[in-house]
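Worksheet for the structure shown next.
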Amino acid sequence: LEFPRAGRTIPLPLRAPHKKEKTLEAALETPALIVDLDAVQRNIARMKAHAAEAGIKLRPHGKTHKSPIFGRMQIAAGAVGLCCQKVGEAQILVEGGIGDILVTNEIVAPRALARLADLARFAKVRTVADNAQGIDWIADAAHAAGVEIGVLVDCDLGHGRTGVAEPAAAVALGRQIATTPGLRFDGLQAYHGTVQHVHGFAARTAAVAAANATLARFIVAFEAAGLPPAIVSGAGTGSFALQAKAGYTEWQCGTYIFMDKEYRDIGDEAGGAYQPFEQALWVLATVNSTHGGERVVVDAGLKSLSLDGGLPEAVDLPGWTFAFGGDEHGKLLRDAAHAAPAPAPALGSQLRLLPGHGDTTINLHDAYEIFEGGKHVATWPVAARGKIK
Ligand SMILES: Cc1ncc(COP(=O)(O)O)c(C=O)c1O
């Protein structure tokens with residue numbers, strides 16, 4: 001199996017069908033989540049360089065890969081810790097050797113808070129809050145476990161999801177955290193999820209600038225109240241470069257490690273694809289039904305490819321479009337208008353599908369099939385797959 005490199009095209013089909021090959025890649029059962037580890041390493045190094053240039057720490061989001069192995073690679077490359085969205089993810093990451101975790105989501109359920117507090121006995125644990133009652137509940141859990149938990153005030157920069165929208169109200173929560181035994185006021189979370197997906201560089205720049213201006217008001221309010229935030233955590237793959245001088249002390253980007261079609265399509269400064277990082281993850285599928293030169297069917301459908309980020313793309317098959325085929329089927333249709341469509345792949349051929357949304361696709365798979373130097377070298381678990389609690 002070959003991966004695309006600059007200036008290289010991929011031979012088709014990726015492997016000939018019906019050969020009794022002894023190579024590992026020929027033995028891969030599909031659908032399989034395949035990863036180009038060389039590209040992952042380059043993506044990690046590139047993000048590290050961006051952060052170093054901006055003088056900002058990295059706290060990559062582990063909800064993307066859900067894997068202590070990838071998390072440890074990021075830490076080895078200088079990340080200060082990891083983010084995750086759920087306590088279940090945090091447990092897997094800490095068990096896998098990650099010593100510094102920020103849960104970037106409001107945790108309010110008593111049992112989940114008890115698990116979070118328990119984790120603080122083994123690792124540096126922080127979470128976020130946007131509600132006075134919620135802060136009391138975190139404190140209760142910390143008290144019961146005999147631990148201290150770092151809390152960031154979650155600030156809404158206009159995203160309209162979690163977070164406090166008014167700086168004065170955020171400061172009041174900061175004061176509450178700072179004066180509650182068992183809690184430590186560590187700073188602010190300032191994540192705006194929608195600005196980083198704005199299509200078109202100019203429109204995205206304007207949207208991020210407005211979010212940055214809002215963040216500045218929060219920071220000024222905390223400083224004026226005598227609570228200067230030690231940590232200001234936020235930003236993502238589509239916005240980090242525009243948030244280099246906005247007061248952030250750490251970036252939470254997640255998708256950059258693998259990239260996906262959704263991010264590619266937000267567009268770069270020159271009007272092309274947004275590719276500050278390389279595509280490093282695909283779903284490998286097998287052609288299991290052929291229908292002349294116009295349509296083939298592959299063994300990957302809704303249960304191996306999420307569709308919330310749009311339909312996947314058959315990157316090895318120019319002139320062919322993926323169409324929804326059901327839970328376990330994907331249809332590939334030849335585009336009659338295409339100038340030079342690839343010939344129909346033969347029964348048994350394997351080809352790569354570029355997922356619309358990486359995070360939600362990864363969560364559908366038990367394992368990553370890891371390729372290095374074009375060879376299959378390992379199978380790594382998606383260890384926190386399904387950890388939605
Ligand atoms: C709170 C928070 N921080 C960071 C991220 C990372 O964003 P991305 O994967 O787009 O880099 C997300 C993604 O949804 C998020 O919810």
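All ligand and atom numbering here is 1-based and tracks the order in the structure. The shown structure was predicted, so the numbers you read here are calculated from the model rather than taken from an experiment. Along the sequence shown, residues are numbered consecutively beginning with 1.
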Exercise. Is the ring centre of Y368 less than 6.0 Å from the ring centre of W380?
Worked result: no
Exercise. Got more than 12 heavy atoms from elsewhere within 6.0 Å of NE2, H197?
Worked result: yes
Exercise. With sequence neighbours excluded, what pairs up with T379 under the side chain to side chain donor-acceptor pair (under 3.5 Å) test?
Worked result: E369
Quick check on ligand 1: any N or O pairs to the protein under 3.5 Å? One line per pair.
from: ligand 1; atom 1: 3 (N); to: Q252; atom 2: OE1; distance (Å): 2.6
from: ligand 1; atom 1: 9 (O); to: T255; atom 2: N; distance (Å): 3.0
from: ligand 1; atom 1: 9 (O); to: T255; atom 2: OG1; distance (Å): 2.6
from: ligand 1; atom 1: 10 (O); to: Q196; atom 2: NE2; distance (Å): 3.3
from: ligand 1; atom 1: 10 (O); to: Y263; atom 2: OH; distance (Å): 2.4
from: ligand 1; atom 1: 11 (O); to: T237; atom 2: N; distance (Å): 2.8
from: ligand 1; atom 1: 11 (O); to: T237; atom 2: OG1; distance (Å): 2.6
from: ligand 1; atom 1: 11 (O); to: G254; atom 2: N; distance (Å): 2.8
from: ligand 1; atom 1: 11 (O); to: T255; atom 2: N; distance (Å): 3.4
from: ligand 1; atom 1: 14 (O); to: K63; atom 2: NZ; distance (Å): 3.0
from: ligand 1; atom 1: 14 (O); to: Y191; atom 2: OH; distance (Å): 3.3
from: ligand 1; atom 1: 16 (O); to: Q85; atom 2: NE2; distance (Å): 3.2
from: ligand 1; atom 1: 16 (O); to: R161; atom 2: NH2; distance (Å): 3.1

Exercise. F222 ring centre to R217 NZ or CZ under 6.0 Å, with the angle to the axis within 45°?
Worked result: no
Listed pairs under 3.5 Å, donor-acceptor, residues 50-58 side chains, sequence neighbours left out:
none

Ignoring hydrogens and angles, write down the donor-acceptor pairs under 3.5 Å from the side chains of residues 302-309, residues two or more places apart or on other chains.
from: K303; atom 1: NZ; to: D327; atom 2: OD2; distance (Å): 3.4
from: S304; atom 1: OG; to: G301; atom 2: N; distance (Å): 3.4
from: S304; atom 1: OG; to: G301; atom 2: O; distance (Å): 3.4
from: S306; atom 1: OG; to: D308; atom 2: OD1; distance (Å): 3.1
from: S306; atom 1: OG; to: H357; atom 2: O; distance (Å): 3.3
from: S306; atom 1: OG; to: T360; atom 2: OG1; distance (Å): 2.7
from: S306; atom 1: OG; to: T361; atom 2: OG1; distance (Å): 3.0
from: D308; atom 1: OD1; to: T360; atom 2: OG1; distance (Å): 2.8
from: D308; atom 1: OD2; to: H357; atom 2: ND1; distance (Å): 2.5

